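Here is the structure we will look at, set down as structure tokens.
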Amino acid sequence: MIDLRLLREDPDLIRASQRLRGESTELVDGLLSADEERRAATQRFEAVRAEQKSIGKEVAKASGDERAALLARTKELALEVKAAEAAASEAEQTLRKAHLAVSNVVEGAPPGGEDDFVVLREVGDIPRIEAPKDHLEIGEALRAIDTERGAKVSGSRFYFLTGVGALLQLGMLQLAIQQAVEHGFTPSITPTLVRPESMEGTGFLGAHASEIYRLEADDLYLVGTSEVALAAYHSNEILDLSSGPSRFAGWSTCYRREAGSHGKDVRGILRVHQFDKVEMFSFCKPEDAAEEHLRLLAMEEEMLAKVEIPYRVIDVAAGDLGSSAVRKFDCEAWVPSQSRYREVTSTSNCTTFQARRLNIRYRDENGKPQTAATLNGTLATTRWLIPILENHQQPDGSVRVPKALQPFLGGREVLEPAK
RNA sequence: GGAGGAUUCGCCUAGUGGCCGAUGGCGCCGGUCUUGAAAACCGGUAUGGGGAAACUCAUCGUGGGUUCGAAUCCCACAUCCUCCGCCA
């Protein structure tokens, strides 16, 4: 939810942002009038309520005829109060709906849609590989990835990681956690089933509702990322941010329905229903958010360097941002079998948008509670196995293990195909 | 799955229909005293909405209800604790 004060002071700023995103500016006008109506309705309610209270006090003291007269008046008032309260709470709900409909105010993202991203830099050399095998072919030869049995057991877009595949993933995630700890992040293992409020608060029940698994019998949702649990972790709290941002690295399994992506990226483990991820999450003061965003991006690049894969960093265009984000940087790793870059990390600055919904605050210099800013970013996920296997493949079918991962594979420098 | 108990302002706690936004202690902040500190004493210390302000309204786990009036009575739900059962 955006800051209503900002909306009142500078509605054109919000309209401009909506335009940049390719979203409706009418939503802004709807929100403005809902805001006004709510304040008016609240005031009407408060006026009658105040009268009711003060007369109520007189009733307590009065007696005889005077008391009877007062009681008659209060009886009427009780009805008025009830009606005014109902009107106020309805106005409140209307406002909330309108409030939820407006996306966060874009900050620095390039204009345009999905294809209008700006490449900030390309890092690392693209390997020259004759007729590169794709990750599934390599993974099957190594007995590392088994999608056939994944489909047999659970359906399409499921897989088993076995042997060196399992070790690679565990090593990579462990490496991510180690790095996060070195940088002062609190390592966390988070719930993967959350209540509707948590899902709603992080904004995932909006446009992405169909992406999410829901357990109807228990009214719980399976998270698509540990961001959900990490964001909701501090909901309805006032944090102490006086000594800097509060940083977490959450390790969890993630679940996505991938509804509407039938026939897209069906091979291998690029797009799957279940994967593991280490996600960074920061709570900070709004004025520090842009700097924190760059820090998360730097963390991602540090990890990509450790697994020695070439990548580029893109500044995602306004039209392709999630509704919570004011800016988003993706790192895309080179995938030799596709001769193109594919997204492996994404870091978003949500400023106060998410925290306002979740009611996460901090105390400013004057001790006054203010809404905090939240940011998130990927530190490692199952998908990384794709560029790791493909970029480090060798003509004989073996795969070189990046130095940083070798300790997790019993010191092996090369993974050999199974006979 | 069954039975009981609990939920009040950072923590503990008082409060069974109007004088209660709510007692007291701890903690924290400021002051007096002190060379400094501690102790003692004095004062201040929830959040949100509206308002330039005075101020006002809401909030006692959440949502409903009873009542002129609810922290207090009734109902539902959530969470935590204890016991029994079941599973590991």
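Side-chain atoms are counted along with the backbone in the values below, which use heavy atoms only and exclude waters and symmetry mates. On a predicted model such as this, the values are computed, not experimentally measured, just so you know.
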TODO: May I have the distance from A:Glu85 (atom CD) to B:C68 (atom P), rounded to whole angstrom?
DONE: 16 Å
Task: Close residues, residues 70-79 of chain A, relative to RNA chain B [heavy-atom separation under 4.0 Å] - done: A:Leu71, A:Thr74, A:Lys75, A:Ala78
Open item on the list: Using atom C1' in both nucleotides, what's the gap between B:U16 and B:C81 to the nearest angstrom?
Closed with: 24 Å
Open item on the list: Distance check, C1' atoms only: B:G2 and B:A70, in whole angstrom units.
Closed with: 33 Å
Open item on the list: Checking side chain to side chain donor-acceptor pair (under 3.5 Å) between A:Tyr311 and each of A:Glu301, A:Glu343, A:Arg121, which is the one that passes?
Closed with: A:Glu301
Open item on the list: Tell me whether the rings of A:His234 and A:Phe283 are parallel (<30°), tilted (30 to 60°) or perpendicular (>60°).
Closed with: perpendicular
- [ ] From the options B:G49, B:U56, B:A78, select the nucleotide whose nearest atom is closest to the side chain of A:Glu46.
- [x] B:G49
- [ ] Could you tell me whether A:Arg67 contacts a base, only the sugar-phosphate backbone, or nothing, with contacts defined as non-hydrogen atoms closer than 4.0 Å?
- [x] base
- [ ] May I ask you to say what A:Arg8 touches in the nucleic acid, namely base, sugar-phosphate or nothing, with a heavy-atom cut-off under 4.0 Å?
- [x] sugar-phosphate
Open item on the list: For B:G69 and A:Gln52 - does any side-chain N or O of the residue sit under 4.0 Å from the phosphate oxygens OP1/OP2?
Closed with: yes
Task: Distance-only donor-acceptor check, side chains A:Asn104 and A:Ser324, under 3.5 Å - done: no
Open item on the list: Whole angstroms only, please: what is the CG-P distance between A:Leu95 and B:G50?
Closed with: 10 Å
Open item on the list: Using heavy-atom distances to pick each residue's nearest nucleotide on RNA chain B, tell me which of A:Asp35 and A:Gly56 is more 5'.
Closed with: A:Gly56
Open item on the list: Taking A:Arg73 first and then A:Glu51, would you say they form a salt bridge - that is, a charged N and a carboxylate O separated by under 4.0 Å?
Closed with: yes
- [ ] Would you please name every residue forming a salt bridge (Lys or Arg N to Asp or Glu O under 4.0 Å) with A:Arg356, sequence neighbours left out?
- [x] none
- [ ] Using whole Å, report how far CD of A:Glu51 lies from P of B:G69.
- [x] 14 Å
Open item on the list: Check this for me: does any side-chain nitrogen of one of A:Arg295 and A:Glu292 sit under 4.0 Å from a carboxylate oxygen of the other?
Closed with: yes
Open item on the list: Of the options B:U47, B:U79, B:A58, whose atoms approach the side-chain atoms of A:Phe45 most closely?
Closed with: B:A58
Task: Rounded distance (Å) that lies between atom C1' of B:C68 and atom CD of A:Glu58 - done: 12 Å
Task: Rounded P spacing from B:C75 to B:G4 in Å - done: 13 Å
- [ ] Establish, from distance only, whether the side-chain atoms of A:Glu300 and A:Thr378 form a donor-acceptor pair under 3.5 Å.
- [x] no
- [ ] In whole angstrom, give me the gap between the P atoms of B:G25 and B:C80.
- [x] 33 Å
TODO: For B:U66 and B:C83, measure between their C1' atoms and round to the nearest Å.
DONE: 35 Å
- [ ] Using the P atom as the reference point in each nucleotide, state the distance between B:G61 and B:C9 in Å, no decimals.
- [x] 8 Å
Open item on the list: Measure CD/A:Glu197 against P/B:U79 and give the value in whole Å, please.
Closed with: 10 Å
Open item on the list: So A:Lys368, base contact, sugar-phosphate only, or nothing? Heavy-atom distance under 4.0 Å.
Closed with: nothing
TODO: Round to the nearest Å and state the distance from A:Arg5 atom CZ to B:G51 atom P.
DONE: 9 Å
- [ ] Using the C1' atom on both, measure B:G48 against B:C42 and round to a whole Å.
- [x] 31 Å
Open item on the list: Just to verify, which of A:Arg257, A:Glu258, A:Lys264 counts as forming a side chain to side chain donor-acceptor pair (under 3.5 Å) with A:Ser261?
Closed with: A:Glu258
Task: Contiguous pairing runs of three or more, Watson-Crick or G-U under 3.5 Å, that involve RNA chain B - done: B:1-7 with B:78-84, B:10-12 with B:24-26, B:27-32 with B:40-45, B:46-50 with B:55-59, B:61-65 with B:73-77
TODO: Quickly work out the A:Gln93 CD to B:G49 P distance and round it to whole Å.
DONE: 19 Å
- [ ] Give a yes/no answer on whether the side chain of A:Arg44 brings an N or O atom under 4.0 Å of OP1 or OP2 in B:G50.
- [x] no
Open item on the list: Please determine whether a side-chain nitrogen or oxygen atom of A:Arg361 lies at a distance below 4.0 Å from atom OP1 or OP2 of B:G48.
Closed with: yes
- [ ] Measure the distance from CG on A:Asn236 to C1' on B:C9 and round it to the nearest whole Å.
- [x] 16 Å
Task: N-O pairing of A:Arg44 and A:Glu37 below 4.0 Å - done: yes
Open item on the list: Please give the distance between the C1' atoms of B:U62 and B:U79 as a whole number of Å.
Closed with: 10 Å
Open item on the list: Check this for me: does the side-chain of A:Gln43 come within 3.5 Å of the base of B:G51 through a donor and an acceptor?
Closed with: no
- [ ] Could you verify whether a donor N or O on one side chain and an acceptor N or O on the other, from A:Lys133 and A:Gln393, lie under 3.5 Å apart?
- [x] no
- [ ] Using a strict cut-off of less than 4.0 Å between a Lys/Arg side-chain nitrogen and an Asp/Glu carboxylate oxygen, indicate whether A:Lys328 and A:Asp315 qualify as a salt bridge.
- [x] no
Open item on the list: Can you see if the side chain of A:Lys53 gets near the phosphate of B:A58 - specifically, an N or O under 4.0 Å from OP1 or OP2?
Closed with: yes
- [ ] Establish, with yes or no, whether the OP1 or OP2 oxygen of B:A58 is under 4.0 angstrom from a side-chain nitrogen or oxygen of A:Arg49.
- [x] yes
Open item on the list: Measuring to OP1 and OP2 of B:G10, would you say a side-chain N or O of A:Arg363 lies under 4.0 angstrom away?
Closed with: no
- [ ] For A:Arg357 and A:Gln354, test the side chains for any donor-to-acceptor distance below 3.5 angstrom and give the result as yes or no.
- [x] no
